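Remember, predicted model here, so these are calculated numbers, not experimental data.
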Amino acid sequence: MGAADAVPGVSGGTIAFVTGIYEELIHTIKQFGPSAFGAWRRGGMAGLVAHLNLPFLLPLLLGIAVSLVSVAHLVVWLMEDHPLLLNGFFFGLVLASALVVSRHPADWRWWHILPLVGGLLLAHGLPSLMPLVTELGSREVMLLVGGAIAISAMILPGVSGSFLLLTMGLYGTVMDGIRGFDLGLIGLFGMGCAAGLFAFSRLLSWLLDRFHTGTLQLLVGFIIGSLPVLWPWRELVRYQLGPDGQMIPLDYRYLTPGDYALLTGDAPQLVAVVALMLAGAAGVLLLDRTGRRPAAMRGNETHGAGSDRASSDRPSSDRANKEEGSDA
């Protein structure tokens, strides 16, 4: 997830979705709030650890943090020197992700096409709204708002928080701050991220509880809608300059490899790009296959214990508050 979140056009939420931890992640994030104090008063430290689902969350956060710091240098280099190869790999990854998560559940109905189309339209139109953040003026306010938007996008499959930061003109600033350990910048950006997580995780959890299949189809729409952003052979046709003079991409023209070579004079690297597309797709299919095995084992254990699937996938203190029989 950390590696994906560092790349404009790719969402860590997509990785969470494919590996089967997405809904547990959303419900776990939602547990951070005033209810955690009540869990601590009732059960002490053990109650707090169970309420916050820390055995799940801490390894995940550690992996994301290590990957963000280590991958930041690699991603900047690849974006500058090998953009076709980087985009090719993640195009294959996201395309396979869309195929994996688009399987229709048993309660799928024809009207679930509507949230699917809604997700496609939102994924297409959202980046064009992000340059409005640059009109906030104050760099501090931009970092707070940008953090809240980016972290919300990062937990949405198919919506790249890094790409939205890029269209806000903040990607370079934030990545340089992370690489240089600028504590002031990281603190402001982190405060925005915390506020965005607190609000958006609750909204997503509520939607998954009450409109489970419709919400999943919305997320599939987001994933499919993000594919054009990752197409390797493209030409930037519209942009604007940010407050620090950086280029903010607004619109692209998508090309065939041959047209790309004619237009730019650069080699399209077709064989290498296609090979990396296939490698990205194969990685997702492998993750999906290995992720479904533990899920199936948990499902068998749950049925044997006579409890519903929802309660096995959520933090224990939240189970009693949910409707029995939910498939979330």
**Q** Can you give me the closest heavy-atom contact between Ile151 and Ala148, atom names plus distance?
**A**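 Scanning both residues completely, I find the closest heavy atoms to be CG2-O, 3.5 Å.
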**Q** What is the minimum heavy-atom distance between Arg234 and Tyr254, and which atoms define it?
**A** CB-CD2, 3.9 Å
**Q** Quick one: does Thr264's side chain get under 4.5 Å of Leu255's, heavy atoms only?
**A**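 A side-chain contact under 4.5 Å is absent here.
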**Q** Output the distance between atom CG (Leu48) and atom CG (Leu54), rounded to the nearest 0.5 Å.
**A**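 So the CG of Leu48 and the CG of Leu54 are separated by 6.5 Å.
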**Q** Give the cluster check for Trp206 versus Leu204: same hydrophobic cluster or not, with ILVMFWY residues linked at side-chain heavy-atom distances below 4.5 Å.
**A** yes
**Q** The test is side-chain hydrogen bond (donor to acceptor under 3.5 Å, both in side chains); show your working for Asn53 and Gln31 and say whether it passes.
**A** CA-CA 8 Å; Asn53 201 16; Gln31 296 295 89; over 6 Å; no
**Q** Answer yes if Leu236 and Leu262 sit in the same cluster of Ile, Leu, Val, Met, Phe, Trp and Tyr residues linked by side chain heavy atoms under 4.5 Å apart, and no otherwise.
**A** no
**Q** Just wondering, do Leu84 and Tyr260 contact through their side chains at under 4.5 Å, heavy atoms?
**A** yes
**Q** Does Phe198 sit in a hydrophobic cluster with other residues, and if so which ones, taking ILVMFWY side chains as linked at heavy-atom separations under 4.5 Å, directly or through other members?
**A** none
**Q** Phe37 and Leu57: same hydrophobic cluster, using ILVMFWY side-chain contacts below 4.5 Å?
**A**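 The answer is yes; both residues are in one hydrophobic cluster.
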**Q** Is Tyr22 close to Leu219 at the side-chain level, that is, under 4.5 Å between some pair of heavy atoms?
**A** yes
**Q** Would you please classify the geometry between the Trp233 ring and the Trp231 ring as parallel, tilted or perpendicular, with 30° and 60° separating the classes?
**A**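 Perpendicular, since the angle between the ring planes exceeds 60°.
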**Q** Would you say Leu62 and Leu60 are hydrophobically clustered, going by side-chain heavy atoms of ILVMFWY under 4.5 Å?
**A** no
**Q** I need the Phe56 CZ to Leu58 CG distance, nearest 0.5 Å.
**A** 10.5 Å
**Q** Indicate the atoms forming the closest heavy-atom contact of Leu93 with Val284, along with that distance.
**A** O-CG2, 3.3 Å
**Q** So Phe189 and Ile186, do their side chains get closer than 4.5 Å, heavy atoms only?
**A** no
**Q** For Glu24, does its backbone N or O pair with a side-chain atom of Thr28 as donor and acceptor, under 3.5 Å?
**A** yes
**Q** Compare every heavy atom of Pro268 with every heavy atom of Pro257, then report the nearest pair and how far apart it is.
**A** O-CB, 3.6 Å
**Q** Within this structure, what is the CG-CZ distance for the pair Leu263 and Arg253, rounded to the nearest 0.5 Å?
**A**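 Leu263 atom CG to Arg253 atom CZ measures 6.0 Å (nearest 0.5 Å).
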**Q** State, to 0.1 Å, how close Pro55 and Val49 come at their nearest heavy-atom pair, and which atoms those are.
**A** CD-CG1, 3.9 Å
**Q** I want to check something: taking the side chain as every heavy atom from C-beta on, are Val273 and Leu85 in contact at a cut-off of under 4.5 Å?
**A**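 Side-chain contact under 4.5 Å: yes.
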**Q** Find out whether Thr215 and Glu23 are in side-chain contact, i.e. whether some heavy atom of one side chain is under 4.5 Å from a heavy atom of the other.
**A** no
**Q** How close do Lys30 and Arg202 get, counting heavy atoms only, and between which atoms?
**A** O-NH2, 2.9 Å
**Q** How far does CD of Gln217 sit from CG of Leu114, to the nearest 0.5 angstrom?
**A** 11.0 Å
**Q** What I'd like to find out is whether the side chain of Met277 reaches to under 4.5 Å of the side chain of Pro232, using heavy atoms alone.
**A**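 Met277 vs Pro232: side chains touch.
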**Q** Got a second to check how far Leu25's CG is from Ser205's OG, nearest 0.5 Å?
**A**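 One gets 11.0 Å once the value is rounded to the nearest 0.5 Å.
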